[in-house]
Amino acid sequence: MNTVTESQLQGLMEVVDRAMQTGNNAEADQAIAKARALAPDHPGVLNVAGMRALALGDAKTARSLLERAAELDPATPILWVNVALAQRELKDETAERDALEKALALAPRYFPALLHKARLLERQGKGKAAATMYHAFLSCLPRDADRPPALQEAIAHAQRALQENDRALEAFLEPRVQAARTRHRGESLERFEACLEALLGKRSLYRPEPTFMLFPGLPAIEFLDRTHYPWLDEFDAAADEIRREALSAFSEAAGDFVPYISKPAGAPVDQWLELNNSKRWSTYFLMKNGKGIDEHLARCPRTAALLKAAPLCEIANHAPTAFFSVLAPRTRIPPHTGVTNTRFIVHLPLVVPPGCMYRVGAEKRPWREGNAWVFDDTFEHEAINDSDQPRIVLIFDVWNCFLTPAERDLVAAVTAGVHDFNEGESPFRQGG
């Protein structure tokens, strides 16, 4: 076939596509007839003619044309998928399966073939096998692929099928799991429960995504067990005094509360557009980048004494940082991640009206005033104050409890080195 004919065929196929999209069936049929006259054994022409016949309800003619196209070009997966579609209309499930298997033998991750195989298994009443194939289909979808309405509907159906399978699996496992729980009554099973929820599709999976430094090999845990930080009991016990100092500063030194997010002009603000340079999320720094704010510490002597005695994360020109964080009514801190998993963040809730939410990774925890928690802020996290009052929390950073003293020293040396290399720019910041 010469180059001119190939060009003519391409033009005719484009005419067919446009005509089909606009519903001009007569023009589409005329273009297909011309293409078949020019190249009766061209796989692309046969495929278009076959799919047109299938759309018109002539599955037998479609099968004949599509099988011929696949025979002439057996290495193209979509041709075998289209053969399977014709076999489906003819209710020949064995031939349909065989055609799909040929497509998958060529391209095991070819998502159209995976989708149609899942649909075939579902029609056959093989729900578990269909769920496995729907999972493969969803896993193999290209992230940047166009998603027309038909594909969006297929994705939604696949997700529903997986959810139904997960619920069936949950019901099947429940008596066995309950028996095992009974054998271990009184023991901490939080990690197992999280594992089970993830297996059953009830818990999203997150991982640390620091913006500055990732220390490999450390346990990835959203909220840490307080037993690693027993000295936090002293903060809990002093929560009433700390709260009074925070409220006093908020009422008497409101001008010293500054926006937590303050990006310079020209810098990308991304998710921080609404909070950039806004006091809707404001902070009263007691310590910042390893340096105490003397005036603020003097105003809050009880808080200052506790921070001074606590084994905080200490890195010259970087840490610790400690502050009262005030989230205004009807304000949301969008999902974000912190700078490094070498340190954790402590929150001591002081004023938490109803309607406040906090999420770290897959875990949402209810606030309890006067009860501190420790979390890894390199997991995606967010906060919401949906009340009519400000939410006030004391926030400061501590070393990751799984680092050895030697590792802490080396991390501090490297971080300080990055600071000097970048001429004084600190990467350390935490929030919430």
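For this chain, numbers begin at 1 and follow the sequence in order.
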C401 side, atom SG; D225 side, atom CG - distance, nearest 0.5 Å: 9.0 Å

Parallel, tilted or perpendicular: rings of Y358 and H347 (30°, 60°): perpendicular

Test side-chain contact (heavy atoms from CB on, under 4.5 Å) applied to L79 and L66, step by step: CA-CA 7 Å; L79 299 181; L66 294 169; 6.0 Å; no

Side chain proximity check, L218 to N341, heavy atoms < 4.5 angstrom: yes

NZ/NE/NH1/NH2 to OD/OE distance under 4.0 Å, E363 and R203: yes

Side chain proximity check, D98 to T94, heavy atoms < 4.5 angstrom: yes

V398/W231 under side-chain contact (heavy atoms from CB on, under 4.5 Å): CA gap, chis, key distance, verdict: CA-CA 12 Å; V398 296; W231 50 269; 3.6 Å; yes

W281 side chain near S325 side chain, heavy-atom distance below 4.5 Å: yes

Point-to-point distance, once rounded to the nearest 0.5 Å, from CH2 of W272 to OG of S262: 13.0 Å

Approximate separation, where rounding is to 0.5 Å, of I315 CD1 and W399 CH2: 4.0 Å

Please tabulate, for side-chain N and O atoms in residues 104-125, each donor-acceptor pair with protein atoms closer than 3.5 Å (sequence neighbours left out).
residue : atom : partner : partner atom : Å
K117    : NZ   : E101    : OE2          : 2.6
E122    : OE1  : Y134    : OH           : 2.6
E122    : OE1  : H157    : NE2          : 2.9
E122    : OE2  : H157    : NE2          : 3.1
R123    : NH2  : E96     : OE1          : 2.6
R123    : NH2  : E96     : OE2          : 3.0
Q124    : NE2  : E93     : OE1          : 3.0

Distance under 6.0 Å and angle within 45° of ring axis: R207 vs F379: no

Separation between CG of N47 and CG of L65, rounded to the nearest 0.5 Å: 9.5 Å

Sidechain N-carboxylate O distance under 4.0 Å for E274, R332: no

Presence of salt bridge, E164 and R167, under 4.0 angstrom: no

Salt-bridge criterion met for R330 and D386 (N-O under 4.0 Å): yes

Ionic contact status for R299 with E245, cut-off 4.0 Å: no

Whether F402 and F344 hold their rings parallel, tilted or perpendicular, with breakpoints at 30° and 60°: perpendicular

R243 with E241: basic N within carboxylate O range, under 4.0 Å: no

Mind listing the side-chain donor-acceptor pairs of residues 185-199 below 3.5 Å, one per line with the distance, residues two or more places apart or on another chain?
residue : atom : partner : partner atom : Å
E187    : OE2  : H184    : ND1          : 3.3
E193    : OE1  : R181    : NH2          : 3.0
E193    : OE2  : R181    : NE           : 2.7

Cationic N near anionic O, under 4.0 Å, D236 to R226: yes

From CA spacing to verdict: side-chain contact (heavy atoms from CB on, under 4.5 Å), F396, T321: CA-CA 6 Å; F396 55 92; T321 291; over 6 Å; no

Q271, CD: over 12 other non-hydrogen atoms inside 6.0 angstrom: yes

Distance-only side-chain donor-acceptor flag, H381 / H336, under 3.5 Å: yes

Lys/Arg N to Asp/Glu carboxylate O, K308 vs E314, below 4.0 Å: no

